[in-house]
Amino acid sequence: MNHGRILRTVLGVTAGYLTLLALWLGWVAPHTPPDTVPYQIMAMVGLFGSCVGIGMMWAARPSKADRRLWRDGLEGWATVEGVHPLEPTDHHTELTELDLELTVPGSESYRGTVVFDVAPADRSRLAVGEILSIRVDPTDRDRIILVL
């Protein structure tokens, strides 16, 4: 999860909402019947919550480069040769360095290292000797995505 991207999205939505709130307080609210103000407040709060939720969903999407790699990357496989836990994260996973032997059909095998956020459910699939599916960027063989 890209926390910086989500933070920028929430800050942008909040800034836009505060601008809209100032416009509503200064121009719309004084010109509407007083009985409708509670409904307008509910609509404004609902609008803010909806915009933050949609913005966070949009910000959590993979980057354009990652989506392109998923779509256009060369399929291959990787054999796990080493697993080195680095540190636990704040969301019950563990950053782990994986030593891999990468194989892409039509080229020589090569070695690489990936730092991966391993969930407890995926720990058995990332053991030494396991074979993983990967996608490799055809223009940069150092850029890979593990397909779990």
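Remember, it's a predicted structure, so these values are computed and weren't measured experimentally.
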- prompt: Around atom CD of E75, are there more than 12 heavy atoms of other residues, nucleotides or ligands at under 6.0 Å?
  reply: no
task: Please check if I54 and V13 belong to a single hydrophobic cluster, counting links between Ile, Leu, Val, Met, Phe, Trp and Tyr side chain heavy atoms closer than 4.5 Å.
output: no
task: Starting at CG of D72, measure out to CZ of R67 and round the result to the nearest 0.5 Å.
output: 12.0 Å
message: When you compare the side chains of R141 and S107, does any donor N or O come within less than 3.5 Å of an acceptor on the partner?
response: yes
I134 vs V147 side-chain heavy atoms within contact, under 4.5 Å: no
field: From CA spacing to verdict: side-chain contact (heavy atoms from CB on, under 4.5 Å), L102, V136
entry: CA-CA 9 Å; L102 305 158; V136 179; 5.9 Å; no
- line: Separation between CE (M44) and CD1 (I41), nearest 0.5 Å, reads 9.5 Å
- request: Kindly compute the distance separating OG1 (T93) from CG (D122), expressed to the nearest 0.5 Å.
  value: 10.0 Å
Hydrophobic cluster identity match, L21 and F48, side-chain contacts under 4.5 Å: yes
task: Look at the side chain of R5 and the backbone N and O of R61, then say whether any donor-acceptor pair between them is shorter than 3.5 Å.
output: yes
- prompt: Taking C-beta and beyond as the side chain, do L86 and T96 meet within less than 4.5 Å on heavy atoms?
  reply: no
Main-chain N/O of Y17 paired to T19 side chain as donor or acceptor, under 3.5 Å: no
Residue among I144, V80, V114 satisfying side chain to side chain contact (heavy atoms under 4.5 Å, CB included) with L132: V80
- line: Heavy-atom closest pair (M56 atom, T9 atom, distance to 0.1 Å) is N-CG2, 4.2 Å
query: Quick one: do V83 and L95 end up in the same hydrophobic cluster if we chain Ile, Leu, Val, Met, Phe, Trp and Tyr together by side-chain heavy atoms under 4.5 Å apart?
result: no
- request: Kindly compute the distance separating OG (S63) from CG (L69), expressed to the nearest 0.5 Å.
  value: 9.0 Å
Check: S50 side chain, G46 main-chain N or O, donor-acceptor pair, under 3.5 Å: yes
task: Examine W77 and Y110 and state if one hydrophobic cluster contains both, with Ile, Leu, Val, Met, Phe, Trp and Tyr joined whenever side-chain heavy atoms are less than 4.5 Å apart.
output: no
message: I need the minimum non-hydrogen distance between E94 and R123, along with the two atoms involved.
response: OE1-NH2, 3.9 Å
task: Locate the shortest heavy-atom distance separating H84 from D99; write the atom from each residue and the value.
output: NE2-OD2, 2.7 Å
- request: Apply side-chain hydrogen bond (donor to acceptor under 3.5 Å, both in side chains) to the pair T32 and Q40, showing each step before the final yes or no.
  value: CA-CA 10 Å; T32 58; Q40 292 176 27; 3.1 Å; yes
field: same_hphob_cluster(M42, V28) at 4.5 Å side-chain heavy-atom cutoff
entry: no
- line: Nearest heavy-atom contact between V128 and G82 is CG2-CA, 4.2 Å
CG on L146 to CG on L100, rounded to 0.5 Å: 6.5 Å
- line: Sorted by chain and residue number, the ring pair (Phe, Tyr, Trp, His ring centres under 6.0 Å) partners of F116 (sequence neighbours excluded) come out as none
- prompt: Taking only residues two or more places apart in sequence or in another chain, which ones pass side-chain hydrogen bond (donor to acceptor under 3.5 Å, both in side chains) with R71?
  reply: none
- request: For P105 and G76, work out which heavy atoms get closest and say how close.
  value: CD-CA, 4.2 Å
task: Evaluate the side-chain proximity of P30 to W24: yes if any heavy-atom separation is below 4.5 Å, no if none is.
output: no
- request: Would you give the length of the straight line joining atom CZ of R111 to atom OG1 of T79, rounded to the nearest 0.5 angstrom?
  value: 9.5 Å
query: Can you find a heavy atom in the side chain of L20 that is under 4.5 Å from one in the side chain of L47?
result: yes
- prompt: Side-chain donor-acceptor pair under 3.5 Å between T113 and E97, yes or no?
  reply: no
message: Between D66 and R143, does any NZ, NE, NH1 or NH2 come within less than 4.0 Å of an OD or OE carboxylate oxygen?
response: yes
statement: Residues S109 and T103: closest non-hydrogen pair is OG-OG1, 3.0 Å
